[in-house]
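Heads up: the structure comes next, in structure tokens.
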Amino acid sequence: MLDIKLIREQPEWVKQQLARAGGDTTSVDTVLALDEQRRVLLRDVEALKAERNTVSKEISKMQDAAEREARIIAMRSVGDRIAAMDREVADVEERQRLAMLEIRNLPYADVPDGVDETGNVVVAQEGEPRDLGFPARPHWELAEALGIIDFERGVKLAGTRFYVLQGLGAKLQRALIQWLLDLHVEQGYREVYTPFIVKEHCMWGAGQLPKFSDNLYRDPDAGFWLVPTAEVPLTNLYADEILEASQLPVNLCAYTPCFRREQMSAGRDVRGIKRGHQFDKVEMYKFVAPTTSYTELETLREHAEATCRLLGIPFRTKLLCTGDTGFASTKTYDLELWAPGQQEWLEVSSCSNVEAFQARRANVRYRPEPGARPEYVHTLNGSGLGVPRTMIAIMENFQQADGSIRIPDVLQPYMNGHEVIR
RNA sequence: GGAGGGGUGGCCGAGCGGUUGAUGGCAGUUGUCUUGAAAACAACCAGGUGAUGAGCCUCGUGGGUUCGAAUCCCACCCCCUCCGCCA
């Protein structure tokens, strides 16, 4: 959610920034109109309430019964008018709130203009796609031949976009998760284990609702929602709390499964494990003081890049253009690992600064100085990393001519002595 | 699932229709005293809106009763205890 004061004071600039990101600007006018309406109503109803408060106090002190009775009768209609106007205010406020929730975040000044992913800019690359010396095979062929992924039985259990990992395939995934968490702890993050199911308000707080309802799994009877990313529980961890400045930055990392309906991507990426309804991810998350959030974004990006570097897989980093930057984000870097089997760069991490966009929704604040007014924190999130796609990159980059897969050095300590899957 | 108890400011905890947005304690900030610290004493110390003012709003949430609600009524949410069932 944007700052209503910013919209009030610089509506044209806000619209201009939204337009840069291809966002809808009509909501801004809706918000402004409702805001004006609300302020007029408030002025009137507050004057009435002030009168009621004053007179009520007078009544409590009156000795003369007749005079008192007369005053009470005179005040009767005031209460009704206040109640009616309060309902009107609540209605306007609710409509304003809903309009606010529809407005995406504004792109940061140095984000390049662009309409879609073709406008993204590669800002770093380490390693070159290498020649394996034999024709690279896609991971689904390798994994099936090695018996580490069972696609057919996954489909039998849960339908398309599900698979079963087994043997060293399952172990490799577990090793990867554990290594990622250990690495992030070393990088200064506190490991947390959260619920994978949350209440609806968490989805609003993290910005999944109202816009992305179609992509979420839920239990309507219980009011539960399955998390599409650890970002959701992590954002809400300090909801409605005021942190001390000395606590910041709060750096968290968490492993969670992620559940996504992928209705919008029907027919895309159906082969292999690139896009499932359930996938694992290790996420990094930061609560920081506003003035530091852009340097923290660079730190976050470095931490994510370190995972790729240590795995020994070629990767590149893209700065997303305005049109490809997500709804909640002001600035996003995507990290891509090279996958020789499919001859493509695979997005395995997205590192974003969302400034106060989520903090405002989830009401996460901090106190800049002892005794000072609380302010919203800035939050950042970055995958470190998405597990299945990293698995793809490992399988395809470390495949050998005989179809076996070498285990990356950093993961070997987590593989009980296994150096190769054959 | 059954029975009962409870949700008040950073924490604990009083108040149960009228100068109570809220007694008191702890924690915190500042000052006095002290070479310094501790102790003692004094002042300040919830959030939102708004201009760091006035006013208005907030005692789990939403309705209702009333001139007036933290206090009474209704619904919902959450927490705790005991019993049952289960990992």
Side-chain angles (χ1 to χ4, degrees), chain A residues 1-10 31-32 34-101 193-205 209 218-225 233 236-248 250 287 290 356 358-377:
Chain A
M1 195 150 62
L2 296 180
D3 186 352
I4 180 63
K5 284 181 193 164
L6 181 66
I7 296 178
R8 216 180 263 156
E9 287 159 16
Q10 303 183 54
V31 165
L32 280 172
L34 290 167
D35 191 49
E36 183 54 30
Q37 211 179 326
R38 174 178 154 273
R39 284 150 76 94
V40 170
L41 280 169
L42 235 46
R43 202 170 52 223
D44 293 347
V45 75
E46 284 185 8
L48 274 182
K49 283 179 177 176
E51 183 193 349
R52 178 179 70 182
N53 290 346
T54 312
V55 174
S56 288
K57 268 177 196 166
E58 285 169 17
I59 288 172
S60 71
K61 283 182 276 188
M62 283 180 163
Q63 300 302 314
D64 186 298
E67 198 184 330
R68 184 186 159 99
E69 193 54 32
R71 216 70 172 105
I72 287 173
I73 289 166
M75 286 306 289
R76 241 165 226 163
S77 67
V78 173
D80 293 340
R81 281 168 65 200
I82 288 173
M85 290 178 75
D86 270 347
R87 273 192 291 274
E88 221 176 317
V89 170
D91 175 60
V92 170
E93 277 180 348
E94 179 60 9
R95 283 192 285 150
Q96 184 183 359
R97 195 181 68 86
L98 290 175
M100 290 283 288
L101 288 169
Y193 172 91
T194 69
F196 304 155
I197 297 175
V198 295
K199 298 257 179 204
E200 183 177 323
H201 73 261
C202 296
M203 292 297 182
W204 289 92
L209 290 177
R218 72 203 72 169
D219 174 351
D221 294 334
F224 284 145
W225 299 67
N236 288 280
L237 202 59
Y238 299 109
D240 299 317
E241 294 188 36
I242 300 171
L243 304 169
E244 291 306 323
S246 59
Q247 290 177 263
L248 301 180
V250 175
F287 296 86
Q358 290 176 328
R360 222 171 265 123
R361 288 175 171 236
N363 195 27
V364 185
R365 293 171 294 172
Y366 83 112
R367 213 179 283 284
E369 303 286 337
R373 276 198 162 201
E375 287 177 22
Y376 291 112
V377 297

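So you know, we letter chains A, B, ... as the sequences are listed, proteins then strands, and number each from 1.
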Candidates A:Met1, A:His201, A:Met100 - the one meeting side-chain contact (heavy atoms from CB on, under 4.5 Å) with A:Arg361: A:Met1
For the P atoms, the ones on B:C26 and on B:A39, what distance do you get once it is rounded to whole angstrom? 11 Å
What are the two closest non-hydrogen atoms of A:Leu243 and A:Leu248, and how far apart are they? CD1-CD2, 4.0 Å
Hey, what are the protein-to-nucleotides 58-66 of chain B N/O distances that come in under 3.5 Å?
from: B:G64; atom 1: OP1; to: A:Arg87; atom 2: NH1; distance (Å): 3.2

Please state how far atom CZ in A:Arg367 lies from atom C1' in B:G28, giving the value in whole angstrom units. 10 Å
Per atom distances to the A:Arg68 side chain, the nearest of B:C67, B:G18, B:C57 is B:G18
Decide, yes or no, whether a salt bridge links A:Arg97 with A:Glu94 under the criterion of side-chain N to carboxylate O below 4.0 Å. yes
With a sphere of 6.0 Å drawn around CZ of A:Phe196, does it hold more than 12 non-hydrogen atoms of other residues, nucleotides or ligands? yes
Just how far, in rounded Å, is P of B:G10 from OH of A:Tyr238? 17 Å
Just how far, in rounded Å, is C1' of B:G10 from CG of A:Asp240? 14 Å
If we take the P atom in both B:C59 and B:U19, what is their distance in whole Å? 16 Å
For B:C80 versus B:G28, give the span between their C1' atoms, rounded off to a whole number of Å. 30 Å
Salt bridge present between A:Arg76 and A:Asp80 (N-O < 4.0 angstrom): no
Among B:C56, B:G18, B:G47, which nucleotide sits nearest the side chain of A:Lys49? B:C56
Euclidean distance, atom CZ of residue A:Arg38 to atom P of B:U49 [Å, nearest integer]: 10 Å
Span that lies between the P atom of B:C16 and that of B:U71, in whole angstrom: 12 Å
Using a 4.0 Å heavy-atom cut-off, does A:Arg8 contact any base of the nucleic acid, only the sugar-phosphate backbone, or nothing at all? sugar-phosphate
Measure distances between side-chain N and O atoms of A:Arg365 and base N and O atoms of B:G10, and say whether any donor-acceptor pair falls under 3.5 Å. no
Take atom C1' in B:G48 and the same atom in B:C85, then report the distance between them in whole Å. 46 Å
Side-chain N,O (A:Asn53) to OP1/OP2 (B:C57) below 4.0 Å: yes
Would A:Tyr238 and A:Val250 satisfy side chain to side chain contact (heavy atoms under 4.5 Å, CB included), going step by step from the backbone distance to the final call? CA-CA 10 Å; A:Tyr238 299 109; A:Val250 175; 3.9 Å; yes
With rounding to the closest Å, how many angstrom separate the C1' atoms on B:C86 and B:G15? 43 Å
Check the distance between B:G47's C1' and A:Tyr366's OH and give it to me in whole angstrom. 17 Å
Dot-bracket summary - RNA chain B, pairs being Watson-Crick or G-U whose distances fall under 3.5 Å, with | when paired to another strand: ((((((((.[[[..)..(.....]]].(((((.......))))).((((.....)))).[[[[[..)....]]]]])))))))....
Between A:Met75 and A:Arg39, just flag the one whose closest nucleotide in RNA chain B comes earlier from the 5' side. A:Arg39
Any donor-acceptor pair under 3.5 Å linking the side chain of A:Arg365 with the backbone of A:Ile242? no
Closest non-hydrogen atom pair, A:Asn363 against A:Tyr376: OD1-CE2, 3.8 Å
State, to 0.1 Å, how close A:Asn236 and A:Cys202 come at their nearest heavy-atom pair, and which atoms those are. ND2-O, 3.0 Å
Given atom CD of A:Glu375 and atom C1' of B:U49, what is their separation to the nearest angstrom? 16 Å
Here the distance between atom P of B:U19 and atom CD of A:Glu58, to the nearest Å, is 14 Å
Identify which nucleotide among B:C67, B:G48, B:C77 has an atom closest to any side-chain atom of A:Pro374, counting heavy atoms from C-beta outward. B:G48
Residue met sooner reading RNA chain B from 5', once A:Ile242 and A:Glu51 are mapped to nucleotides: A:Ile242
If I pick the P atom on B:A14 and the same atom on B:U32, what distance separates them, to the nearest angstrom? 37 Å
From the options B:C77, B:G55, B:U19, select the nucleotide whose nearest atom is closest to the side chain of A:Lys199. B:C77
May I ask you to test the A:Glu36-A:Val40 pair for a side-chain heavy-atom distance under 4.5 Å? yes
Are there over 12 heavy-atom neighbours, none belonging to A:Arg8, within less than 6.0 Å of that residue's CZ? yes
What is the distance, rounded to the nearest whole Å, between atom NZ of A:Lys57 and atom C1' of B:A22? 13 Å
A:Ser60 has its side chain closest, among B:A46, B:G18, B:C57, to B:G18
For nucleotides B:C45 and B:G25, find the distance between their C1' atoms and express it as a whole number of Å. 14 Å
